Novice: 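Right, I'll just put the structure down here and ask away after.
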Amino acid sequence: MTIDKDRVLIFDTTLRDGEQSPGATMSHDEKLEIAALLDEMGVDIIEAGFPIASEGDFAAVSEIAKLAKSATICGLARANYKDIDRCWEAVKHAVSPRIHTFIGTSPQHRAIPNLTMDEMADRIHETVTHARNLCDNVQWSPMDATRTEWDYLARVVEIAIKAGATTINIPDTVGYTAPVESADLIRRLIAEVPGADDVIFATHCHNDLGMATANALGAVAGGARQIECTINGLGERAGNTALEEVVMALKVRHDIMPWHTNIDTRKIMHISRRVSTVSGFAVQPNKAIVGKNAFAHESGIHQDGMLKSADTFEIMRPEDVGLAGTSLPLGKHSGRAALRAKLKDLGFDMVDNQLNDLFVRFKALADRKKEVFDDDLIALVTDAAAAGTEDHLELKFLRVICGTEAPQSADITLRVGDKDHQATAQGDGPVDAAFNAVKALYPNEAALQLYQVSAVTEGMDAQATVTVRIEEDGRIATGQSADTDTVVASVKAYVNALNRLIVRREKLGEGSDKREVSYKDVN
C-alpha cells in the first residue's frame, strides 16, 4: 500500500456514530441526502451505518453505497461472521466499499464477552481474515484502545495487520486520553508494531473531556493519516471530533500541520445546518467554525478593529466555510463605529451630533435587549428625525398592577406643559387603566379608533410596536411607539397621538383640512 504522508483522509461517521446520539435518528431519505452532501464536499470515507442493527440501517447503507460517486462507503460490523457478512452485503455495490470491524480490547471491554486475552486475539485473527476474504479494504478497531494495556494493544494490532486489515483505527472511545498521549500512542505503534508501515493508522476521538479535536490532531502529528469525525461533532454522549474543526485547523495552521485534505470547506456551513435540522440537534451559538457567533463580533473594540481590518480578530474568512461575511451584531457592548457602519448599510448617513444623540438612545435600548436588530435601529432613527418637535405631553413614570384579580390599576406621572402631574386610575386591564389615567391628567374627548400591537423583532425580549389612532371632532391623529414593555409602548403611542392633536389645534386651526398626522416614537 502506498501511503501519502502529506494527506489526511477524512472518515465521516455522522450517519453511524452521529446518529447514535439519543434523539438524533434520521429518516432513510435524510440519510441519503446527508451522504450525498458528504460525497460532494470531498469526504474520503463515509461510514453509512451499522447494517445488522436494523433493516432500515441495512437499506440506507446499501442505497448510499449504490449512489455514492467518489467516497468509499463503509459499514460497521462487530467481530463475528454474521455481522461482517451483513455489512458486506450492504456495501458491496459501492464503487469503493469498506468493511469496518471492531472489538473492545480494554480490561473493561474484555469483561463483557468474558474472553481471555488469547481467546480475543484468536477472534480478531479469524474475523479480520474473514472480512478481508470478502473485501480488500478492511478497517479494524480495538475499541477503548486508549485504556488497553500497551503490550496487548501492540499484540492485537499486529494480529489485525497480518490478518489483512488495511486501516488500523485507534479509538479513544470514552474521551479519556490527552493530546500528548494521543500523539505518543500512534507514534509508538508505528515504530514498534511489525507491518505498521504498510497500513494507515486512524484516530477516533470522543469529546468527554472537551479534547476530541486536539486529540485527533495530536494523533495526526504522531503519524495517523485518517481522522474519524462527524458534522457538528455529533455523537455518543459529548460527541466526537468535529469535521469542521479538524479541517479548518489543518487549513489555518498549515505552517505547523503541513497536511491537506480533499474537503471543499465552502460547503461546511450548508451541511452543518442540514445535519442540525435533520438530527434535531441545534448547534450551540459559540461552537467553533459553525456556531452562530463564530464570526460575530459585538464588542466595540472588536467591531472597530474588524471595520478597519478583518484579520485583527478573525483567523479565517467566513467565506471559506460558506458564509456571506462577518456579522457585527449590535448590543450593549457595541461602539459608535459599528453603529455608524450599520446605519450606513441601512441607508442612513448621519453627522456626528446626530450619531451621538442616537448612540445614547441606542445604548439605553441595548441595556434592555440582548441584541438590537435592523428594525430597532430604523425605529430609533425615525424617532431622532422627529425629535425636534416639542411635545406638550410627556410620559415621565408608569407603574401598573395587573393579573387574574381585578381591578387592574395604573399609576402615571405625566408632564403637561412644564409641570408634572400624577394620577391613579383603574380599568379593564393594564392598558385601559393607563389610558384612563392619562385622560384624568389631560381630559379629552378623543375616541380610540385603532389599537394595534406587533413585534419589531423576534425573541422574548423583542420590542413591541404599538399603533394608536384617535379621532376628535373629525381630526384624526396616529401615534406609534416601540418598547420592550408593551404597556409602556401603548401609553407612549397614546400620548404621541394626543400631542399630534394638540399640534393640529394650534397650527392648523378650525376649519382646516382634516388630514391624518403620523408620528413615531421609540425609546
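One-based numbering along the sequence shown. Quick caveat: nothing in here was measured; it's all calculated off a predicted structure.
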Novice: Check D57 with K31, please: is the shortest side-chain N to carboxylate O separation under 4.0 Å?
Specialist: yes
Novice: CD/E126 to CD1/I159 distance, rounded to the nearest 0.5 angstrom?
Specialist: 10.5 Å
Novice: Are any side-chain N or O atoms of D304 and backbone N or O atoms of A337, one a donor and one an acceptor, separated by less than 3.5 Å?
Specialist: no
Novice: Please determine whether the number of non-hydrogen atoms from other residues, nucleotides or ligands lying under 6.0 Å from atom CD1 of I301 exceeds 12.
Specialist: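 No, the 6.0 Å shell around CD1 holds no more than 12 heavy atoms from other groups.
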Novice: Is there a donor-acceptor contact under 3.5 Å from the side chain of T166 to the main chain of V199?
Specialist: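 Between the backbone of V199 and the side chain of T166 there is no qualifying donor-acceptor contact (under 3.5 Å).
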Novice: Please examine the side chains of P51 and W88, heavy atoms only from C-beta on, and report whether any two atoms are closer than 4.5 Å.
Specialist: no
Novice: Please determine whether side-chain contact (heavy atoms from CB on, under 4.5 Å) holds for the pair D17 and Q20, giving the CA-CA distance in whole Å, both sets of side-chain angles, and the decisive distance to 0.1 Å.
Specialist: CA-CA 5 Å; D17 199 331; Q20 289 177 196; 4.1 Å; yes
Novice: Salt bridge between D118 and R155, side-chain N to carboxylate O under 4.0 Å?
Specialist: yes
Novice: Which atom names give the shortest non-hydrogen contact between A366 and G331, and what distance separates them?
Specialist: CB-C, 3.7 Å
Novice: Do I168 and L189 have side chains that approach each other closer than 4.5 Å (heavy atoms only, starting at C-beta)?
Specialist: no
Novice: Show your reasoning for whether salt bridge (Lys or Arg N to Asp or Glu O under 4.0 Å) applies to E314 and R317.
Specialist: CA-CA 7 Å; E314 285 185 350; R317 300 186 313 158; over 6 Å; no
Novice: Do K251 and M316 have side chains that approach each other closer than 4.5 Å (heavy atoms only, starting at C-beta)?
Specialist: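 Not in contact.
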Novice: Hey, is the main chain of G305 close enough, under 3.5 Å, to the side chain of T312 for a donor-acceptor pair?
Specialist: yes
Novice: In the structure I gave you, are the side-chain heavy atoms of K92 and P97 within less than 4.5 Å of one another anywhere?
Specialist: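 Result no, sub-4.5 Å side-chain heavy-atom pair not found.
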Novice: To the nearest 0.5 Å, what is the distance between NZ (K69) and CD (E40)?
Specialist: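 Those atoms lie 8.0 Å apart.
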Novice: Step by step, work out the side-chain contact (heavy atoms from CB on, under 4.5 Å) result for I190 and D197.
Specialist: CA-CA 7 Å; I190 293 173; D197 288 339; 3.9 Å; yes
Novice: Please check this pair: side chain of S27 against backbone of E30, looking for a donor-acceptor N/O pair closer than 3.5 Å.
Specialist: yes
Novice: Any chance you could lay out the side-chain contact (heavy atoms from CB on, under 4.5 Å) test for T265 and M248, step after step, and finish with the verdict?
Specialist: CA-CA 8 Å; T265 63; M248 292 309 295; 3.8 Å; yes
Novice: Test of understanding: with ring pair (Phe, Tyr, Trp, His ring centres under 6.0 Å), list the residues that count as partners of H109, not counting sequence neighbours.
Specialist: none
Novice: So, taking the atom named CD1 in I231 and the one named CD1 in I271, what distance separates them when rounded to the nearest 0.5 Å?
Specialist: 4.5 Å
Novice: Would you mind telling me which of N215, T173, D172 makes a side chain to side chain donor-acceptor pair (under 3.5 Å) with T146?
Specialist: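 Per the side chain to side chain donor-acceptor pair (under 3.5 Å) rule, the option paired with T146 is D172, out of N215, T173, D172.
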Novice: Between H204 and N240, is there a side-chain donor-acceptor contact under 3.5 Å, judged purely by atom types and distance?
Specialist: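 Yes - a donor-acceptor pair under 3.5 Å links their side chains.
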Novice: Of all the heavy-atom pairs spanning A288 and E244, show the shortest one and how long it is.
Specialist: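 Scanning both residues, the minimum pair turns out to be O-CG, 4.3 Å.
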Novice: Ignoring hydrogens, what is the shortest heavy-atom contact between P179 and A214? Give both atom names and the distance.
Specialist: CG-CB, 3.6 Å
Novice: Under the side-chain contact (heavy atoms from CB on, under 4.5 Å) rule, what do L32 and M26 come out as? Steps first, then yes or no, please.
Specialist: CA-CA 10 Å; L32 266 56; M26 304 178 200; over 6 Å; no
Novice: Do other residues, nucleotides or ligands put more than 12 heavy atoms under 6.0 Å from N114 CG?
Specialist: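 Not more than 12 within 6.0 Å, no.
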Novice: Does anything in residues 213-239 form a salt bridge (charged side-chain N to carboxylate O under 4.0 Å, His left out)? List the pairs, not counting sequence neighbours.
Specialist: D208-R237
Novice: Less than 4.0 angstrom from a charged side-chain N to a carboxylate O is my criterion; do D255 and R253 meet it?
Specialist: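 So D255 pairs with R253 through a salt bridge.
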Novice: Answer yes or no: is there a donor N or O on one side and an acceptor on the other, between the side chain of Q226 and the main chain of N169, under 3.5 Å?
Specialist: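 Absent.
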Novice: Would you call the rings of F102 and F50 parallel, tilted or perpendicular if under 30° counts as parallel and over 60° as perpendicular?
Specialist: perpendicular
Novice: How close do I186 and A202 get, heavy atom to heavy atom, and via which atoms?
Specialist: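 So the minimum-distance heavy-atom pair works out to CD1-O, 4.3 Å.
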Novice: Flag the pair Y176 / D144 as yes when at least one side-chain heavy-atom distance between them is below 4.5 Å, and no otherwise.
Specialist: no
Novice: Once you round to the nearest 0.5 Å, how far does OG1 of T127 lie from CZ of R78?
Specialist: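 It comes to 12.5 Å.
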Novice: Using modelled atom types and a 3.5 Å cut-off, is there a donor and acceptor pairing between side-chain atoms of N293 and backbone atoms of A296?
Specialist: no
Novice: Roughly how far apart are T25 OG1 and E19 CD, rounded to 0.5 Å?
Specialist: 5.0 Å
Novice: To the closest 0.5 Å, what do you measure between OG1 (T261) and CG (D264)?
Specialist: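 With rounding to 0.5 Å, OG1 (T261) is 9.5 Å from CG (D264).
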Novice: Under 3.5 Å, side chain of K363 to main-chain N/O of K332, donor-acceptor pair present?
Specialist: yes
Novice: Quick one: closest heavy-atom pair of S21 and G235, and the distance?
Specialist: OG-O, 2.8 Å
Novice: Looking at Y152, I'd like to know if the NZ or CZ of R110 sits under 6.0 Å from its six-membered ring centre while staying within 45 degrees of the ring's axis.
Specialist: yes
Novice: Answer whether the closest heavy-atom distance between the side chains of T14 and L243 falls below 4.5 Å.
Specialist: no
Novice: More than 12 heavy atoms of other residues, nucleotides or ligands under 6.0 Å from CZ of R266: is that the case?
Specialist: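 12 or below, so no.
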Novice: With salt bridge (Lys or Arg N to Asp or Glu O under 4.0 Å) as the test, would you mind laying out the steps for K82 and D85 before giving the verdict?
Specialist: CA-CA 5 Å; K82 186 177 180 180; D85 290 343; over 6 Å; no
Novice: I'd like to know whether R123 forms a salt bridge (Lys or Arg N to Asp or Glu O under 4.0 Å) with E119, so could you lay out the CA-CA distance, the side-chain angles of the two residues, the decisive distance to 0.1 Å, and finally the verdict.
Specialist: CA-CA 6 Å; R123 179 175 293 188; E119 289 171 337; over 6 Å; no
Novice: Could you tell me which non-hydrogen atom of A212 sits nearest to which non-hydrogen atom of T241, and how far apart they are?
Specialist: O-OG1, 3.2 Å
Novice: Please check if the side chain of D39 supplies one atom and the backbone of S70 the other of a donor-acceptor pair under 3.5 Å.
Specialist: yes
Novice: May I ask you to decide if T148's main-chain N or O and S106's side chain share a donor-acceptor pair within less than 3.5 Å?
Specialist: no
Novice: Relative to each other, are the rings of H297 and F313 parallel, tilted or perpendicular (30° and 60° limits)?
Specialist: tilted
Novice: With a 4.0 Å cut-off, would you call R187 and D184 a salt bridge?
Specialist: yes
Novice: Under 3.5 Å, is there a donor on one side chain and an acceptor on the other for E47 and T13?
Specialist: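 Note: E47 and T13 side chains meet the donor-acceptor criterion.
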Novice: Could you check if a side-chain atom of L185 sits within less than 4.5 angstrom of a side-chain atom of L153, using non-hydrogen atoms only?
Specialist: yes
Novice: Backbone N or O of S272 within a donor-acceptor pair of the N232 side chain at under 3.5 Å?
Specialist: yes
Novice: I'd like to check T203 versus I170 (side-chain heavy atoms, cut-off strictly below 4.5 Å). Are they in contact?
Specialist: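 When only atoms from C-beta onward are counted, I170 and T203 do not touch, as no gap falls below 4.5 Å.
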